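Let me begin by presenting the structure, written as structure tokens, before commenting on it.
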Amino acid sequence: MSINKLLGSKKLTSYFWKTYREDPQNIETESHRLLHRTGFISQLSTGIFSFLPMGWRSIEKIKNIIREEMNSSGLIEINLPVIQPSDLWKTSERLDTFIPPLSKFQDRRDNQLIIAPTHEEAVTDMVAKNVNSYRDLPFTLYQIQTKYREDPRPRAGLLRVREFEMNDAYSFDVDEEGLDLSYKNMIKIYKNIFMRCSTEVIIVDADSGAIGGKESNEFVMLADSGEDVILISKDKLYAANVEKAIFKKEKFEKENTINLQYLDTPNKKTIDELKDFLSIDNKKMLKTVIYKADDEIVGCVIRSDYNFNETKIRNYLNATNLNLASDKVIISKDLVPGFISPINIENIRFLYDDSVLLGPGNFIVGGNTKDKHYKGFNLDQDSISYEILDIAEAEEGHISINESILESFRGIEVGHIFKLGDVYSKKMGANFSNKEGKNQNILMGCYGIGVGRLLAACIEANQKNNSMNLPLSISPFSIYLVALQIKDEKVKNLAEKIYKELTDLGFDLLFDDRDIQTGVKFNDSDLLSLPVRRVISKRNIQNDSIEVFERDTDSTISLTYDETITYFKTNLIP
RNA sequence: CGGGGUGUGGCGCAGCGGUAGCGCACUCGCUUUGGGAGCGAGGGGUCACAGGUUCAAAUCCUGUCACCCCGACCA
């Protein structure tokens, strides 16, 4: 049975739906505004929403697309618990390190339980208990399940919430080649899903964050209201989340090295102040910042024409939290805020961005003394051992690795996929006997789509003039049937007849059979903006015609009854 | 977690020392009827909560909570 038939047609007089004339206060994004105005959602708490019938229909249609695409590609649906014992998360070593922190509570026997923010642990446990041999592999499981994440700041309606439905999938393979195949298969499935939702997404390199694993890609819909910053090279060969993006750093000819010397820099604490005071270019200076990475104090140094990428730093240090160290902490390490340098500092670990070795050298760095800076710092000469890596943030205008200019965009992350490898299977004993009879860890991948966020993103992308304009595939109903002068017998009978006939054909109609103002009906119809609107009225009946408005072509045509039925049989697929 | 803002009928707001009002929505009646109608009559609020000041508190003070925005953080 098609989803349209399953959800069925509805008459407004016996449906639960209400639109709003006014916006709630402090609405930030169009999708949030429209989701509220059209009676899709109702807020229960910060980042926690109820779906009203109208909104839930769209969600059901999205989930149906996901199921169809996944089932037809050989994936298998399961269901995992939302409430899980916290011991399970001890095994994966994420009980205290997951960001945002897990939501915990005690049951009656004083066992600690958590509300799952994601399901790697549960699925790995299940698979570990039920897979023994390489013959049992490979397979990919999926579910559509509620997640709860104690997000520090939910916002923008459904774009960023605490409780949400996610379609999460997990692949299990015997080797890297298998994992590659599963990963690529999932990319194909995701592309199909987003295409069917008429959402244009791009695939970008991404950081794997709290989920872990090596390779990771995000599916991003470009939109100004998005929270993620994406860098795309002009030649389109490179696209990455700013958290992950790499770029080709500028090299400068090395100067003849000079000895370290002090400079008087009274009260010049920032790079900008120094730049003006000394009339020199940013590339001639180094920036030193002290971070607190969990409990460790770490210094980071970069050439001043670049900025730090804190994700790269956090990943390298394998830290859960990374924050700028307070002045108090800096002073306790005998450093002078505003004049920090790594020179002769033994009690702190320093990380250097590799730009520090790319010239021009003889850098100006802090003097570790108030109102002093050093001139003539060269890492390779003035330090014996150092950790050097890429901790720079890519920005618009930088050059991609294939020599193309990077451009910056904002986007909404609607899907994220990860190659987990054996991160979880190793810790949780998910292994199998290989052909030689030896134990081997299962290689995993995990894949997620935020269902509600996808709906919101789709609205962001399609909305205009106070209308949602959801595509036919996920529009709550396919057709808005309006009967004007519903009290008129002829109108009523014709409308009912069409309602029944089109419903029998498999279409899902919203029949506005309310005895209210015409203007209200049209406004509700515009707001909801279903793909097709049909008007039955006295006037039309007199002309022996039925009015059909097609949103996509923005055209209205008048047809006879028989033409109408033919039109729907041939132009639309229920 | 830091900074800021807002809590008054279902929604949007006014009132800012004398015990609550407007618009929309809702109910009833009449009129109207192809773009959020008109007239009339109604119903609905311990003014977020808790203390305090005062003869008197929605209004002033203190605390708490909730929600929103910016930042931090973040699948």
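Below, read A as the first sequence line, B as the second, and so on, with proteins coming before strands; counting in each chain starts at 1. Just so you know, these numbers come straight off a predicted model, no measurement behind them.
- As judged by a 4.0 angstrom heavy-atom cut-off over every strand, A/E310 is placed among residues touching the sugar-phosphate backbone only.
- Rounded to the nearest Å, the gap between the P atom of B/rC30 and that of B/rC47 is 38 Å.
- Here the separation of B/rG3 from B/rG21, taken at their P atoms, is 40 Å to the nearest Å.
- Regarding A/R149, its CZ atom lies at a distance of 14 Å from the C1' atom of B/rC73, rounded to whole Å.
- Taking a 6.0 Å sphere around NZ of A/K538, one finds it holds 12 or fewer heavy atoms contributed by other residues, nucleotides or ligands.
- Closest approach to the A/H416 side chain among B/rC24, B/rA75, B/rA72 is made by B/rA75 (side chain taken as heavy atoms from C-beta onward).
- A/E413 comes within contact range of the sugar-phosphate backbone alone, with a heavy-atom separation under 4.0 Å but no base atom that close.
- For the residue pair A/N466/A/R33, the side-chain donor-acceptor check at 3.5 Å is satisfied.
- Of all nucleotides listed (B/rG36, B/rG34, B/rA72), B/rG34 comes nearest to the side chain of A/V535.
- A donor and an acceptor atom, one from each side chain of A/E310 and A/Y291, are located under 3.5 Å apart.
- Aromatic ring centres of A/Y170 and A/Y424: separated by at least 6.0 Å.
- Rounded to a whole angstrom, the distance from the P atom of B/rC11 to that of B/rA48 is 14 Å.
- The listed nucleotides are B/rC67, B/rC24, B/rG35; the one nearest the side chain of A/F522 is B/rG35.
- Rounded to a whole angstrom, the distance from the C1' atom of B/rU32 to that of B/rG45 is 33 Å.
- Mapping A/R539 and A/F164 onto RNA chain B via the closest heavy atom, the residue that lands nearer the 5' end is A/R539.
- A/I99 places its CD1 atom 13 Å from the C1' atom of B/rC1, with the value rounded to the nearest Å.
- The CG-C1' distance, from A/N466 to B/rG36, rounds to 12 Å in whole Å.
- Using atom C1' as the reference point in both B/rU54 and B/rU6, the two lie 27 Å apart (nearest Å).
- The side chain of A/T46 contributes an N or O atom lying less than 4.0 Å from OP1 or OP2 of B/rC68.
- Contacts of A/D23 with the nucleic acid, taken as non-hydrogen atoms under 4.0 Å apart, involve only primed sugar atoms and P, OP1 or OP2.
- For the residue pair A/Y480 / A/R551, no side-chain donor-acceptor distance below 3.5 Å is found, with atom types taken as modelled.
- Here A/N523 lies in heavy-atom contact (under 4.0 Å) with a base.
- Rounded to whole Å, atom P of B/rG12 lies 13 Å from atom NZ of A/K18.
- When heavy atoms are screened at a 4.0 angstrom cut-off, A/S537 is found touching base atoms of the nucleic acid.
- A gap of 11 Å separates the C1' atoms of B/rC26 and B/rG9, to the nearest Å.
- Close to B/rA37, at under 4.0 Å from its OP1 or OP2, lies no side-chain N or O of A/T518.
- A/Y15 does not carry A/K10 over the face of its six-membered ring by the limits of under 6.0 Å from the centre and within 45° of the normal.
- Whole-Å rounding puts the A/R314 CZ to B/rA72 C1' distance at 11 Å.
- The 5' end of RNA chain B is approached more closely, in terms of each residue's nearest nucleotide, by A/K487 than by the other of A/K487 and A/D228.
- Within 4.0 Å of A/E218, counting heavy atoms only, lies no atom of the nucleic acid at all.
- Note on A/R533: a base of the nucleic acid sits closer than 4.0 angstrom, heavy atoms only.
- Taking atom CD of A/Q517 as the reference point, atom P of B/rG34 lies 9 Å away to the nearest angstrom.
- The same atom, P, is picked in B/rG23 and in B/rG4; the two are 37 Å apart, to the nearest Å.
- When the C1' atom is compared between B/rA56 and B/rG18, the two are found 6 Å apart, to the nearest whole Å.
- The CG atom of A/L484 sits 9 Å away from the P atom of B/rG35 (whole-angstrom rounding).
- Side chain to side chain, A/E243 and A/N309 fail the donor-acceptor criterion of an N or O pair below 3.5 Å.
- Side-chain atoms of A/D526 lie closest to B/rG35 of the nucleotides B/rG34, B/rG35, B/rC73.
- Of the candidate nucleotides B/rA75, B/rG34, B/rC69, B/rC69 has the atom nearest to the side chain of A/R155.
- If you take CG of A/D151 and C1' of B/rC1, they are 14 Å apart, rounded to a whole angstrom.
- As judged by a 4.0 angstrom heavy-atom cut-off over every strand, A/R37 is placed among the base-contacting residues.
- Applying the 3.5 Å distance criterion, the base of B/rG10 shares no donor-acceptor pair with the side chain of A/E22.
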